[in-house]
Number of protein chains: 2
Amino acid sequence: MTSVLVVDDEPQIVRALRINLTARGYDVMTAYDGKSALGIAVEGKPDVVVLDLGLPDLDGVDVIAGLRGWSTIPIIVLSARTDSSAKVEALDAGADDYVTKPFGMDELLARLRAAVRRNVARSGDPVVETSSFVVDLAVKKVRRDGHEVHLTPTEWGLVEILARNPGRLVSQKQLLQEVWGPMHVNESQYLRVYFAQLRRKLEVDPAHPRHLITEPGMGYRFEV
Amino acid sequence: MTSVLVVDDEPQIVRALRINLTARGYDVMTAYDGKSALGIAVEGKPDVVVLDLGLPDLDGVDVIAGLRGWSTIPIIVLSARTDSSAKVEALDAGADDYVTKPFGMDELLARLRAAVRRNVARSGDPVVETSSFVVDLAVKKVRRDGHEVHLTPTEWGLVEILARNPGRLVSQKQLLQEVWGPMHVNESQYLRVYFAQLRRKLEVDPAHPRHLITEPGMGYRFEV
DNA sequence: CCCCGGCCTCAAGAACGCGTAAAAGCCGGG
DNA sequence: CCCGGCTTTTACGCGTTCTTGAGGCCGGGG
């Protein structure tokens, strides 16, 4: 879920934004002054910040600088000042967008979507995570306790198919077909041998697997 | 130098932008309608596009879609329409910013700087660095201990592909295809020979590589 | 109760892929 | 024409991975 940090000292604006953003499925955090905004941003790692410039404690530009010191989170500035010098100053300090109050909620939301879209396009990293290990499909790696687990090509072939279908049942035939090719769709013994190996490498208790589940007579399931 | 594509059918606006942008060191391209804009964008690969929505031939949203089909170049929309539905439509189509006419030149330039800044932050330095050597993709050179290492064309081809995908596993087939061409996708021996050479040139301990990693049976990985 | 199909485990030989070295082929410049 | 740099080819030792077979476990049906 996308998380938004709303920073404004006017409660009615914060309330309005919270309602609108929550209704659209965003996770909303709020702050009423610059210092707490910086603290919350560090802790909560929001995906985007909506920042009012007229805060009681810090100058708006200082808040932007405080964020830009360690992060490239998109910042959308809200401000009552319409003069271009204020806009230029905020944008050059590192803001991504500048919206003047009073603002149209539709427009703000559209600008927010644009900012988030840009940012996910950059990071887009498909990872599937379970309680005991992490499968990173982009770089083809599996980590367990933050520590890489080496998989052979055949092992990775199986993990990849299962990780691309999380929670879904994958038939033996499909696994054999995609990993060993159409000639070996009946070698179900291969699957037993390799699932045993994968469980030894990935499961906490290989005898009682919690993620690489056998559905007898049907296939296998990757439980997250 | 940063290049900007200005698309507008009003010559005086194009002229004003060209003068201001050129004075600030930008390389300016121009187009007066949507179709030529798309063509110029493909050829010139501008770093940012300033797009007027009221073009004679195509609808503004279609131009945005045409660009977004193959590129993530930042698009700043210029428009006389101030209603929020127009803004929402353009932003959701893939625009990065929306400025209403008449606009302040200072503000537009600041928004343009913001868009470019974001994008260079994203595309990252054309330099990939490891603990023992540095790959400079812009000038096609590798340095080690501040001191240039000479690579043959084939060696550079491999390093370049890996450096453009840092951390990612690159399959043998992809490497062979891109360096030797589609006729040689099975010559995996080439890779062994060349990786041995590269390790001798770049790794501290060629027998125990820390950056040019082999993933047996799958491919190679550039670890940073 | 026994049988049977499907599953898990284990182990060993075969097959494969990798690193390395060195020779042979190719090509352009001096 | 010869030389040097670059690429392609060949050969071999070695460790890892795959395949295969045998044995045991478990639950359901006869």
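By convention in this document, chain letters (A, B, ...) are assigned in the order of the sequence lines, proteins followed by strands, and residues within each chain are numbered from 1. All figures in this text were calculated on a predicted structure; none of them were measured in a lab.
Taking 4.0 Å as the cut-off between side-chain N and carboxylate O, B:Arg164 and B:Glu178 do not count as a salt-bridged pair. Using a 4.0 Å cut-off between charged side-chain N and carboxylate O, B:Asp8 and B:Arg15 make no salt bridge. The residues B:Asp205 and B:Arg199 are annotated as not salt-bridged, no charged nitrogen and carboxylate oxygen being separated by less than 4.0 angstrom. Residues A:Asp96 and A:Arg68 are paired through a salt bridge, judged by an N-O separation under 4.0 Å between the basic side chain and the carboxylate.
Under the ring pair (Phe, Tyr, Trp, His ring centres under 6.0 Å) test applied with A:His211, the options A:Phe133, A:Phe222, A:Phe195 reduce to a single match, A:Phe133.
What separates CD of A:Glu155 from P of D:dT19 is a distance of 12 Å, to the nearest Å. Distance NE2 (B:His184) to C1' (D:dT7): 11 Å, rounded to an integer number of Å. Straight-line distance from the NZ atom of A:Lys173 to the P atom of C:dG6: 15 Å, rounded to whole Å. Rounded to whole angstrom, the span from the CD atom of A:Glu187 across to the C1' atom of C:dG6 amounts to 16 Å. As a whole-Å value, the separation of A:Leu198 CG from D:dC18 P is 10 Å. At whole-Å resolution of the value, CG in A:Leu176 and P in D:dT19 are 11 Å apart. Between the CH2 atom of A:Trp156 and the P atom of D:dT17 there is a distance of 16 Å, rounded to whole Å. Rounded to whole Å, the distance from OH on A:Tyr190 to C1' on D:dG21 is 12 Å.
Note that the two end axes of the helix from C:dC1-D:dG30 to C:dG30-D:dC1 enclose an angle of 30°, each drawn from 5 base pairs, rounded to 10 degrees.
Residue-level contact check: B:His150 touches the backbone only, with heavy atoms under 4.0 Å from sugar-phosphate atoms and none from bases.
To the nearest 0.5 Å, atom CE of residue A:Met29 and atom CG of residue A:Leu5 are 5.5 Å apart. To the nearest 0.5 angstrom, A:Tyr190 atom OH is 14.0 Å from A:Gln172 atom CD.
Under 4.0 angstrom from either OP1 or OP2 of D:dT7 there lies no side-chain N or O belonging to B:Trp180. Contact between the side-chain N/O atoms of A:Tyr194 and the OP1/OP2 oxygens of D:dC18 is found at a separation under 4.0 Å. For B:Thr152, no side-chain nitrogen or oxygen approaches OP1 or OP2 of D:dG5 to under 4.0 Å.
Nearer the 5' end of DNA chain D, as judged by each residue's closest nucleotide, is the contact made by B:Thr154, out of A:Pro153 and B:Thr154.
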Spell out protein contact along nucleotides 8-27 of chain C as letters: B when the base is contacted, S when just the sugar-phosphate is, - when no protein heavy atom is under 4.0 Å; keep the 5' to 3' order. BBB------SBBBB------
side-chain contact (heavy atoms from CB on, under 4.5 Å) for A:Leu108 and A:Leu17? Distances and angles first, verdict last. CA-CA 10 Å; A:Leu108 179 65; A:Leu17 282 170; 3.4 Å; yes
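Under 3.5 Å, the side chains of B:Arg192 and B:Gln189 contain a donor-acceptor pair of N or O atoms.
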